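To start, the structure under review is shown below, and the notes come after it.
Everything numeric in this text was worked out from a predicted model, so none of it was measured. By convention in this document, chain letters (A, B, ...) are assigned in the order of the sequence lines, proteins followed by strands, and residues within each chain are numbered from 1.
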Protein chains: 2
Amino acid sequence: MDGDRTRALDQLLELTVLLGQDMAVGLARDGLTESRAHLLWVLDASGPCPQRHLADALGVTARTVTGLVDGLVDTGFVTRETHPTDRRATLVTPTPRGLAAVASLRAGQAELVGQLFGDVPEAEVAALVGTMDGVLDRLRAAIAAEAGGSR
Amino acid sequence: MDGDRTRALDQLLELTVLLGQDMAVGLARDGLTESRAHLLWVLDASGPCPQRHLADALGVTARTVTGLVDGLVDTGFVTRETHPTDRRATLVTPTPRGLAAVASLRAGQAELVGQLFGDVPEAEVAALVGTMDGVLDRLRAAIAAEAGGSR
DNA sequence: TATTGTTATACTCTATAACTATA
DNA sequence: TATAGTTATAGAGTATAACAATA
């Protein structure tokens with residue numbers, strides 16, 4: 001039967017919905033939206049950087065980053081500092097509150113790992129990871145093919 | 001090691017991003033946004049119905065449905081018909097174009113099943129489905145607990 | 001009185017285009 | 001001439017609150 005394969009996709013689609021809900025709860029508690037949290041996450045990985053870098057990393061326009069940073073400045077998660085050598089650029093810099101928020105996101109993620117996989121036998125987790133590796137590869141390929149086809 | 005469990009969550013998070021991208025491509029080709037496609041999908045399942053029903057099914061406010069239906073009417077996917085017995089309500093009804101769009105969504109989903117799982121052995125698919133069943137259960141429970149805790 | 005859907009208002013995310021200041 | 005970030009404008013999705021018409 002092919003029913004299991006259809007069911008597998010249905011499960012993955014439901015998963016995206018539920019993961020989104022779960023994320024949203026934690027973010028709201030921290031006073032963040034998804035997009036702002038994503039920026040903060042990238043910023044934490046890169047260290048203080050110009051907005052241009054964030055725009056490239058997030059895959060959005062420079063204008064969008066202006067808006068996201070505006071919101072994060074207003075709510076106290078980052079500041080705009082002067083760039084030491086390029087006076088066109090600003091150095092987006094996390095505040096202590098911003099750093100704490102990233103730590104909270106990280107903790108939430110670790111907690112979620114425990115909730116979802118803590119009781120799953122190691123062999124089963126390994127099988128899942130192996131299967132998902134292939135699925136992700138094929139999904140990336142499908143997206144690339146679609147993007148290429150409409151070029 | 002717990003590395004595999006962390007990796008499993010990372011994979012699932014990446015999956016949500018990629019599935020979203022893949023969806024978006026197909027929807028744009030049909031002239032639909034995600035929210036409007038979701039409404040159309042629910043509408044197809046329920047048959048012509050009042051906006052109130054759609055608001056409940058989508059988990060959004062009545063106002064939001066007004067906006068979504070406005071957009072779908074403007075782009076020719078649905079019409080607002082008079083309700084036969086309740087003159088307060090409208091019957092949102094798919095047009096032929098709306099029905100064709102849902103058929104296209106369904107076909108795209110079937111194609112994706114083939115791309116992602118077509119070459120995966122049945123036993124591996126069955127294992128995936130079994131594992132994901134448990135994961136989804138625990139995720140639902142975690143969300144319910146969070147919602148209950150902040151009540 | 002309760003319900004359906006609307007107008008009014010506001011916030012977030014996103015985009016393109018034109019512009020300023022600086023490299 | 002090219003780049004960083006802004007203002008200007010627009011569209012989509014979401015929400016609350018007040019209101020009209022109808023049940």
For atom [atom1] of [X] and atom [atom2] of [N], their distance in whole Å:
X: B:Leu58; N: D:dA12; atom1: CG; atom2: P; value: 17 Å
X: A:Asp86; N: D:dT3; atom1: CG; atom2: P; value: 12 Å
X: A:Leu54; N: C:dT14; atom1: CG; atom2: P; value: 13 Å
X: B:Leu40; N: D:dA12; atom1: CG; atom2: P; value: 16 Å
X: B:Glu34; N: C:dC13; atom1: CD; atom2: P; value: 16 Å
X: B:His83; N: D:dA23; atom1: NE2; atom2: P; value: 10 Å
X: A:His53; N: D:dG5; atom1: NE2; atom2: C1'; value: 16 Å
X: A:Arg52; N: C:dA23; atom1: CZ; atom2: P; value: 18 Å

Does OP1 or OP2 of [N] have a side-chain N or O of [X] closer than 4.0 Å?
X: A:Arg80; N: D:dT6; answer: yes
X: A:Thr61; N: C:dT14; answer: no
X: A:Arg87; N: C:dA23; answer: yes
X: A:Arg88; N: D:dT6; answer: no
X: A:Thr64; N: C:dA15; answer: yes
X: A:Arg36; N: C:dT12; answer: yes

Test side-chain contact (heavy atoms from CB on, under 4.5 Å) applied to A:Leu43 and A:Val78, step by step: CA-CA 10 Å; A:Leu43 180 62; A:Val78 305; 3.8 Å; yes

Salt bridge (Lys or Arg N to Asp or Glu O under 4.0 Å) partner of B:Asp70, the single match among B:Arg80, B:Arg63, B:Arg36: B:Arg80

Base, sugar-phosphate, or nothing for [X], non-hydrogen atoms under 4.0 angstrom?
X: A:Arg63; answer: base
X: B:Ser35; answer: sugar-phosphate
X: A:Thr66; answer: base

Of the listed nucleotides C:dT12, D:dA12, D:dT6, the one nearest the side chain of A:Ala62: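 From the listed options, D:dT6 comes nearest.
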
Closest listed nucleotide, where the reference is the side chain of B:Thr33 and the choices are D:dT6, D:dG13, C:dG5: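 Selected nucleotide (nearest to the side chain): D:dG13.
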
Side-chain donor/acceptor of A:Thr75 to backbone N/O of A:Gly71, under 3.5 Å: yes

Contact check, side chains of A:Glu14 and A:Asp10, non-hydrogen atoms, under 4.5 Å: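 A side-chain contact under 4.5 Å is absent here.
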
Rounded distance [0.5 Å steps], CZ in A:Arg138 versus CG in A:Asp133: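 Interatomic distance, A:Arg138 CZ to A:Asp133 CG, rounded to 0.5 Å: 10.0 Å.
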
